[in-house]
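Taking it in order: structure first as C-alpha cells, then the write-up.
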Amino acid sequence: MSIVVNGLAVAPPGDPRVSLLDHLRETLHLTGTKKGCNQGACGACTVLVDGERILSCLALAVQYDGRDVTTIEGLAEGDALHPLQAAFIEHDGFQCGYCTPGQICSAIGMAAEAKRGVPSHVSADLGGAVTLTREEVQERMSGNLCRCGAHNGIIDAILETVA
C-alpha cells in the first residue's frame with residue numbers, strides 16, 4: 001500500500017483512523033495544508049486528489065491508497081512558482097496567508113471542473129461550456145473562507161490565471 005504525494009510514494013499511516021490532513025502534516029511534515037475548522041466547513045485543508053479538490057480533514061488517509069495527492073508544496077516546478085501562486089502575490093491574494101494553500105488548490109480543482117463543464121448554482125447553461133465569470137468563480141470558491149479580507153485579491157488572481 002502506498003499513497004503518491006507530490007509525486008513520491010509514501011506509506012499510509014499505521015492507524016486507519018488518521019485523516020489525510022493529519023498524515024500530510026504530522027507524518028510527512030507537509031505543513032502547507034492547513035487545519036482550520038477540522039470539520040470541512042472552511043476549505044483551509046483543500047488538496048487535490050487525482051486532480052480533483054477534496055477536504056483532507058474529512059478524508060481518511062488509507063482511502064487514498066494508490067491515488068495521486070497534490071498539496072501546495074507539489075504545485076511549484078522547482079524554484080518556479082505555479083502561475084496561480086505568482087498571481088496571488090501580484091494581486092495581494094493573501095494577508096495572513098492561512099487560507100492561501102487551500103484557496104490555490106481549490107482554484108486549480110475548480111478550473112478543471114469548469115473545463116469539464118460541471119455547472120455551479122449560478123451557471124447560466126447546465127449543459128455546455130462554463131465561462132468563469134467573477135460571479136461563477138465566487139460561487140465555486142465559496143467553500144474556501146478568507147477571514148482577513150483578501151477575498152477580492154483571491155478572485156482577481158484566479159480570474160487572471162485559471163479562468
Side-chain angles (χ1 to χ4, degrees), residues 4-7 19-22 24-25 30-61 63-64 67-77 79-163:
V4 178
V5 179
N6 298 333
S19 72
L20 180 58
L21 173 62
D22 288 340
L24 293 170
R25 289 184 57 81
L30 295 171
T31 57
T33 305
K34 303 299 185 222
K35 184 180 281 194
C37 66
N38 209 30
Q39 298 175 356
C42 73
C45 67
T46 304
V47 298
L48 300 168
V49 175
D50 298 330
E52 296 196 24
R53 56 187 173 165
I54 67 150
L55 300 169
S56 63
C57 73
L58 297 180
L60 297 175
Q63 293 175 279
Y64 296 93
R67 311 262 316 262
D68 186 18
V69 177
T70 304
T71 68
I72 191 71
E73 293 92 345
L75 294 178
E77 296 282 336
D79 289 338
L81 293 176
H82 183 280
L84 187 55
Q85 290 172 312
F88 262 64
I89 293 168
E90 181 182 329
H91 290 280
D92 290 329
F94 60 92
Q95 285 182 23
C96 76
Y98 199 82
C99 72
T100 303
Q103 295 273 4
I104 290 172
C105 287
S106 186
I108 291 168
M110 177 267 307
E113 292 165 8
K115 188 175 182 179
R116 290 193 316 269
V118 177
S120 78
H121 178 69
V122 299
S123 296
D125 183 3
L126 298 182
V130 174
T131 302
L132 289 174
T133 62
R134 184 172 207 82
E135 181 183 31
E136 189 75 42
V137 170
Q138 287 173 325
E139 170 65 23
R140 290 172 181 268
M141 293 297 295
S142 64
N144 289 81
L145 305 179
C146 172
R147 293 173 180 90
C148 67
H151 180 76
N152 288 327
I154 291 167
I155 299 302
D156 290 343
I158 293 168
L159 285 169
E160 178 186 289
T161 309
V162 299

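- Distance alone, capped at 3.5 Å, is enough to place a donor-acceptor pair between the N144 side chain and the G102 backbone.
- A heavy-atom distance below 4.5 Å is not found between the side chains of L20 and T33.
- Checked by atom type and distance alone, the side chain of H82 pairs as donor or acceptor with a backbone atom of L84 at under 3.5 Å.
- Judged purely by atom type and a 3.5 angstrom limit, Y98 uses its side chain to pair as donor or acceptor with the backbone of K35.
- Between M110 and the choices E139, R53, E52, the side chain to side chain contact (heavy atoms under 4.5 Å, CB included) rule is met once, by R53.
- E135 and T133 share no side-chain donor-acceptor pair at under 3.5 Å.
- Side-chain contact between C99 and K34 is absent, with no heavy-atom pair separated by less than 4.5 Å.
- Atom CD1 of I108 and atom OG1 of T70 lie 8.5 Å apart (nearest 0.5 Å).
- Side-chain contact check for S120 and E136: at least one donor-acceptor pair (N or O, by modelled atom type) lies under 3.5 Å.
- S56 places a side-chain N or O within 3.5 Å of a backbone atom of C45 that can act as its donor or acceptor partner.
- The shortest distance between side-chain heavy atoms of V5 and E73 does not fall below 4.5 Å.
- A donor-acceptor pair is defined here as one N or O able to donate and one able to accept, closer than 3.5 Å; no such pair exists between the side chain of Q138 and the backbone of I155.
- N152 places a side-chain heavy atom less than 4.5 Å from the side chain of R134.
- Checked by atom type and distance alone, the side chain of D68 never pairs as donor or acceptor with a backbone atom of D50 at under 3.5 Å.
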